2 protein chains.
Amino acid sequence: MTQGRPRAFDGETALEQALLAFWQHGYDATSITVLTEAMGINASSLYAAFGDKRSLFTAAVRRYLQGPARFTTMALEGAPTAREAVERLLRAAAVTYTAPGHPPGCLVISAATNCTPGSLDVQAELRDIRAQGRQALTQRITAGIVAREMPPETDAHALAAFYAATLQGMSGLARDGSTHAELDHVATAALAAWPG
Amino acid sequence: MTQGRPRAFDGETALEQALLAFWQHGYDATSITVLTEAMGINASSLYAAFGDKRSLFTAAVRRYLQGPARFTTMALEGAPTAREAVERLLRAAAVTYTAPGHPPGCLVISAATNCTPGSLDVQAELRDIRAQGRQALTQRITAGIVAREMPPETDAHALAAFYAATLQGMSGLARDGSTHAELDHVATAALAAWPG
DNA sequence: CCACTTCTGGAACGATCGCTGTAGAATTCG
DNA sequence: CGAATTCTACAGCGATCGTTCCAGAAGTGG
């Protein structure tokens with residue numbers, strides 16, 4: 001079985017560059033031309049390696065979830081209490097949303113806000129991920145209530161919605177140019193709303 | 001001075017339809033075709049009446065600020081205390097962001113999140129409006145501190161950033177399908193973080 | 001070296017983008 | 001009724017969109 005001409009680029013680094021482009025401008029606003037220039041490859045190579053723009057975006061999202069967004073699951077699963085989990089979540093978000101080396105804010109929150117009718121499925125893809133994250137947050141809070149860390153009448157869904165809103169807001173502030181210190185203050189203020 | 005052929009459409013209602021279209025899909029994702037269909041006029045009439053797409057968007061934003069977004073200035077200026085002002089702001093946002101008859105969320109927050117390089121000035125236009133709103137919120141909180149409604153060591157900027165983030169988050173949740181009741185719970189939780 | 005396979009580079013596809021030119025319809029003034 | 005003016009309808013502009021086709025380059029197996 002013959003082998004054929006080898007690739008002139010590394011697929012992982014090319015995908016990383018595509019991720020950064022999508023992260024900055026969002027799905028619709030990132031053209032194939034911008035992608036090929038960022039990835040350092042031609043359109044033919046892009047389509048041969050990643051299928052089409054839609055598939056490339058999904059691959060970039062998967063890379064994002066396993067990379068920069070790892071802190072979300074780490075915070076929710078690694079903390080001893082629900083309160084500690086939420087605090088780690090917000091503090092880590094303040095760091096990641098303003099970290100150098102990549103665009104500010106969260107890709108899952110901001111990359112498919114303005115969608116053309118032809119790419120509503122992209123919007124749905126990210127919304128599903130947000131819904132999963134919010135459900136995980138709700139479950140972690142519920143576990144804290146069951147463990148009697150907070151009053152039994154605590155509304156886990158409402159509290160999860162509040163901290164999900166805080167995360168979305170922090171992402172928006174970061175995109176508007178807020179610093180890590182500002183976002184950390186927002187996290188501190190939000191944690192002051194913890195029940196009990 | 002002769003008069004010429006009269007318009008076959010009402011400029012205000014046409015602008016209202018353009019506002020709704022921009023509100024739903026954002027600036028870049030709203031094509032001229034979508035606008036003309038929503039406004040019920042042809043491209044020629046649109047350009048004769050509003051200049052170009054960019055000018056039409058600015059006109060729609062102005063109409064938005066004087067219409068659906070009036071609650072922001074009303075809340076900040078009409079309340080007797082800073083705490084009451086922020087509560088009115090969040091409660092009214094929960095109502096407006098989920099009100100029927102128009103898209104969910106806030107146009108100023110969500111209409112220019114994903115921008116092509118050619119429309120960065122649109123992004124800047126909305127960011128400036130957000131910055132003005134945040135400054136007004138900071139000033140109202142500062143006035144409350146001066147009036148000894150809250151501890152003198154209160155950080156007005158951090159608190160304003162927190163409630164600005166809450167508003168952005170509520171807009172995002174509304175766009176994801178949250179109900180008025182959910183957003184009102186978020187507002188309640190955020191108000192629990194009030195200092196003092 | 002040749003056959004075979006895979007990737008690269010560049011041109012070009014149809015569709016859509018924002019926008020405009022042109023012809024004709026609708027109104028007022030003289 | 002013309003003359004002048006302003007709007008409407010429609011075709012079409014150049015540019016860009018995502019995508020594909022094709023010739024040639026770069027490898028391996030015989």
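The structure displayed is predicted, hence computed values, not measured ones. To find a chain, count down the sequence lines: A is the first, B the second, and so on, and within it residues start at 1.
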With heavy atoms under 4.0 Å as the rule, sort A:Ala48 into base, sugar-phosphate or nothing.
nothing
Without decimals, in angstroms, what is the distance between [X] [atom1] and [N] [atom2]?
| X | N | atom1 | atom2 | result |
| --- | --- | --- | --- | --- |
| B:Gln3 | D:dC7 | CD | P | 10 Å |
| A:Leu46 | C:dT6 | CG | P | 19 Å |
| B:Ile32 | D:dC10 | CD1 | P | 18 Å |
| B:Phe50 | D:dT8 | CZ | P | 11 Å |
| A:Arg7 | C:dT5 | CZ | P | 18 Å |
| B:Asp10 | D:dT8 | CG | P | 12 Å |

Determine: side-chain N/O of B:Ser45 to OP1/OP2 of D:dT8, distance under 4.0 Å, yes or no.
yes
Under 4.0 Å: is that the gap between some side-chain N or O of A:Thr33 and OP1 or OP2 of D:dC17?
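Checking A:Thr33 against D:dC17: at least one side-chain N or O falls below 4.0 Å of OP1 or OP2.
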Can you give me the closest heavy-atom contact between B:Ala187 and B:Arg91, atom names plus distance?
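So the two residues come closest at CB-NH1, 4.1 Å.
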Looking at A:Leu107 and A:Tyr64, what are the two nearest heavy atoms and their distance?
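So the minimum-distance heavy-atom pair works out to N-OH, 3.2 Å.
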Check: [X] side chain, [Y] main-chain N or O, donor-acceptor pair, under 3.5 Å:
| X | Y | value |
| --- | --- | --- |
| B:Arg134 | B:Ala160 | no |
| B:Asn42 | B:Thr36 | no |
| B:Arg175 | B:Gln24 | yes |
| A:Asn114 | B:Asn114 | yes |
| A:Trp23 | A:Gly105 | yes |

Give a yes or no on this: more than 12 heavy atoms of other residues, nucleotides or ligands lie within 6.0 Å of atom NE2 of B:His102.
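For B:His102, atom NE2 is crowded (more than 12 foreign heavy atoms under 6.0 Å).
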Heavy-atom contacts under 4.0 Å between residues 20-30 of chain B and DNA chain C, which residues?
B:Thr30
Polar atom pairs (N or O), protein with nucleotides 23-26 of chain C, under 3.5 Å:
from, atom 1, to, atom 2, distance (Å)
C:dG24, N2, B:Arg5, NH1, 3.4
C:dA25, N3, B:Arg5, NH1, 3.0
C:dA26, O4', B:Arg5, NE, 3.4

Please evaluate residues A:Leu183 and A:Val95 with respect to the criterion side chain to side chain contact (heavy atoms under 4.5 Å, CB included), reporting the C-alpha separation (whole Å), side-chain torsions for both, the decisive distance (0.1 Å), and the verdict.
CA-CA 8 Å; A:Leu183 290 195; A:Val95 172; over 6 Å; no
Salt-bridge criterion met for B:Asp121 and B:Arg54 (N-O under 4.0 Å):
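Yes, charged N to carboxylate O under 4.0 Å.
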Please work out which of the three classes, parallel, tilted or perpendicular, describes the rings of A:Phe22 and A:Tyr27, given edges at 30° and 60°.
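A:Tyr27 and A:Phe22: parallel rings.
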What's touching nucleotides 10-16 of chain C from the protein side, N or O pairs under 3.5 Å?
from, atom 1, to, atom 2, distance (Å)
C:dG10, O6, A:Ser44, OG, 2.3

Need to verify one output field. Residue with the more 5' nearest nucleotide on DNA chain C, B:Tyr47 or A:Phe9?
A:Phe9
